[in-house]
S.K.: 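My structure is below; once you've seen it, I'll send some questions.
Just so it is clear, the values below take in all heavy atoms, side chains as well, and ignore hydrogens, waters and symmetry mates.
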Amino acid sequence: MKYRYKTTGTCSQQIEFEIDNNILKNVVFYGGCQGNLQGISSLVEGMKVEDVVKRLEGIHCGMKSTSCPDQLATALKKVLEKNNNSEKNQ
């Protein structure tokens with residue numbers, strides 16, 4: 001399934017990604033440092049969603065309280081929470 005997340009507190013404005021059977025695919029950041037963000041996208045391609053969250057959550061950019069990788073982790077956690085709540089309601 002394809003997702004879109006509007007970031008906060010970072011140079012990138014939005015992240016799009018797909019999750020297929022708990023595997024992260026096709027991560028695209030809009031705005032920000034394109035070389036670094038393309039590198040992050042390439043590194044997380046094919047990883048389990050939970051593993052990406054563990055690796056990227058809590059990373060800061062300079063004096064900011066978040067970063068583009070941290071925002072990706074936040075977006076993925078929201079998807080996981082939404083999916084867990086959906087399963088509980090079934």
S.K.: State, with a plain yes or no, whether a side-chain heavy atom of Thr7 is found less than 4.5 Å away from one of Asp70.
M.R.: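 No - every pair of side-chain heavy atoms lies 4.5 Å or more apart.
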S.K.: Does the side chain of Leu72 reach to within under 4.5 Å of the side chain of Phe17, using non-hydrogen atoms?
M.R.: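 Yes, their side chains come closer than 4.5 Å.
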S.K.: Does any N or O in the side chain of Gln14 come within less than 3.5 Å of the main-chain N or O of Ser12, such that one atom is a donor and the other an acceptor?
M.R.: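 Such a contact is absent between Gln14 side chain and Ser12 backbone.
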S.K.: Would you indicate whether Asn21, at its atom CG, is surrounded by more than 12 heavy atoms from other residues, nucleotides or ligands within a distance under 6.0 Å?
M.R.: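 Not more than 12 within 6.0 Å, no.
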S.K.: Report yes if the side chains of Gln71 and Cys61 come closer than 4.5 Å at any heavy-atom pair, otherwise no.
M.R.: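 Answer no - side chains too far apart.
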S.K.: Which heavy-atom pair separates His60 from Ser67 by the least distance, and what is that distance?
M.R.: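 For His60 versus Ser67, the nearest heavy atoms are C-CB, 3.9 Å.
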S.K.: Specify the closest pair of heavy atoms between Val27 and Glu45, including all atoms of both residues, with the distance to one decimal.
M.R.: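 Looks like N-OE1, 4.3 Å.
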S.K.: What's the shortest heavy-atom distance between Gly9 and Lys64, and which atoms?
M.R.: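 For Gly9 versus Lys64, the nearest heavy atoms are O-CD, 3.4 Å.
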S.K.: Measuring from Asn22:CG to Asn83:CG, what's the distance to the nearest 0.5 Å?
M.R.: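 With rounding to 0.5 Å, CG (Asn22) is 9.0 Å from CG (Asn83).
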S.K.: To check you understand the geometry: which heavy-atom pair defines the closest contact between Cys68 and Phe29, and what is its length?
M.R.: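 So the two residues come closest at O-CE2, 3.6 Å.
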S.K.: Taking the side chain as every heavy atom from C-beta outward, state whether Tyr5 and Val79 have any pair of such atoms under 4.5 Å apart.
M.R.: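 SC-SC contact between Tyr5 and Val79 ruled out.
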S.K.: Working to the nearest 0.5 Å, report the span between CD1 of Ile40 and CD1 of Ile15.
M.R.: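 So the gap between those two atoms works out to 9.0 Å.
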S.K.: Mind checking whether Leu37 and Tyr3 sit in one hydrophobic cluster, side chains of I, L, V, M, F, W, Y counted as touching below 4.5 Å?
M.R.: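 Hydrophobic grouping puts Leu37 with Tyr3.
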S.K.: Given the rule that I, L, V, M, F, W and Y join up when any side-chain heavy atoms are under 4.5 Å apart, are Ile23 and Ile19 in one cluster?
M.R.: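 Unlinked, Ile23 and Ile19 end up in two clusters.
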S.K.: When rounded to the nearest 0.5 angstrom, what is the spacing between CG in Asn26 and CD in Glu16?
M.R.: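 Between atom CG of Asn26 and atom CD of Glu16 there are 10.0 Å.
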S.K.: Hey, quick one: are Val28 and Met1 part of the same hydrophobic cluster, counting side-chain heavy atoms closer than 4.5 Å, chains of contacts allowed?
M.R.: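 In one cluster: no.
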S.K.: What's the spacing between Leu76 CG and Met47 CE if we round to 0.5 Å?
M.R.: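 If I round to the nearest 0.5 Å, the distance is 10.0 Å.
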S.K.: So do Thr8 and Thr66 actually touch side chain to side chain, heavy atoms under 4.5 Å?
M.R.: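 Contact flag for Thr66/Thr8 side chains = no.
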